[in-house]
Q: 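Here it is, the structure, as structure tokens.
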Amino acid sequence: MNDDLIRSYMTAAGMLMEDVSAKVVLDPLAPERVGDLRRLVNELTTIADVVDAVRRSDG
């Protein structure tokens, strides 16, 4: 069960990274790219925290 949960979170992280990378490729100089990258870092940090918690609870 926990493997499926971790897989779901990691898939979501990958989708978030793909979304931001597509925006950067299409319009790298857009002023909102810095904000997009900061939001991505925050979201990835949250996902990493949740995955760590799930892994610790599995032990």
Side-chain angles (χ1 to χ4, degrees):
M1 174 68 177
N2 284 344
D3 287 346
D4 290 337
L5 185 59
I6 291 171
R7 192 172 288 112
S8 295
Y9 278 111
M10 297 306 278
T11 299
M15 292 170 66
L16 290 169
M17 289 187 287
E18 285 179 5
D19 180 55
V20 172
S21 67
K23 289 178 183 178
V24 170
V25 168
L26 293 174
D27 192 5
L29 300 179
E32 60 270 10
R33 289 307 153 246
V34 173
D36 290 342
L37 291 172
R38 285 190 175 125
R39 278 187 295 282
L40 175 62
V41 168
N42 289 336
E43 290 169 355
L44 292 176
T45 300
T46 300
I47 290 171
D49 291 345
V50 170
V51 168
D52 283 343
V54 169
R55 285 188 175 144
R56 280 193 301 267
S57 72
D58 197 25

Q: Between N2 and S57, which heavy-atom pair has the shortest distance, and what is it?
A: ND2-OG, 4.2 Å
Q: Out of V51, T45, T46, I47, which one pairs with D49 under the side-chain contact (heavy atoms from CB on, under 4.5 Å) rule?
A: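 It is T45, the one option of V51, T45, T46, I47 that forms the side-chain contact (heavy atoms from CB on, under 4.5 Å) with D49.
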Q: State which residues pass side chain to side chain donor-acceptor pair (under 3.5 Å) with D36; sequence neighbours excluded, sorted by chain then number.
A: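 With sequence neighbours excluded, D36 shows a side chain to side chain donor-acceptor pair (under 3.5 Å) to R33, R39, given in chain and number order.
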Q: Please list, chain by chain and in numerical order, all residues satisfying side chain to side chain contact (heavy atoms under 4.5 Å, CB included) with D52, sequence neighbours excluded.
A: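 If we apply the side chain to side chain contact (heavy atoms under 4.5 Å, CB included) test to D52, skipping adjacent residues, the hits are R56.
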Q: Using 0.5 Å steps for rounding, measure from the CG atom of N42 to the CG atom of L37.
A: 11.0 Å
Q: Does anything in residues 5-27 form a side chain to side chain donor-acceptor pair (under 3.5 Å)? List the pairs, not counting sequence neighbours.
A: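 Applying side chain to side chain donor-acceptor pair (under 3.5 Å) to every pair that reaches into residues 5-27, excluding sequence neighbours, yields D4-R7.
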Q: Hydrophobic cluster membership, with links at side-chain heavy-atom distances under 4.5 Å among I/L/V/M/F/W/Y: are V24 and V41 in one?
A: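 No; tracing contacts between hydrophobic side chains, which count when under 4.5 Å, never links both residues.
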Q: Check L44 against A13 and note the closest heavy-atom contact, atom names and distance.
A: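 Nearest heavy atoms, L44 then A13: CD2-CB, 3.6 Å.
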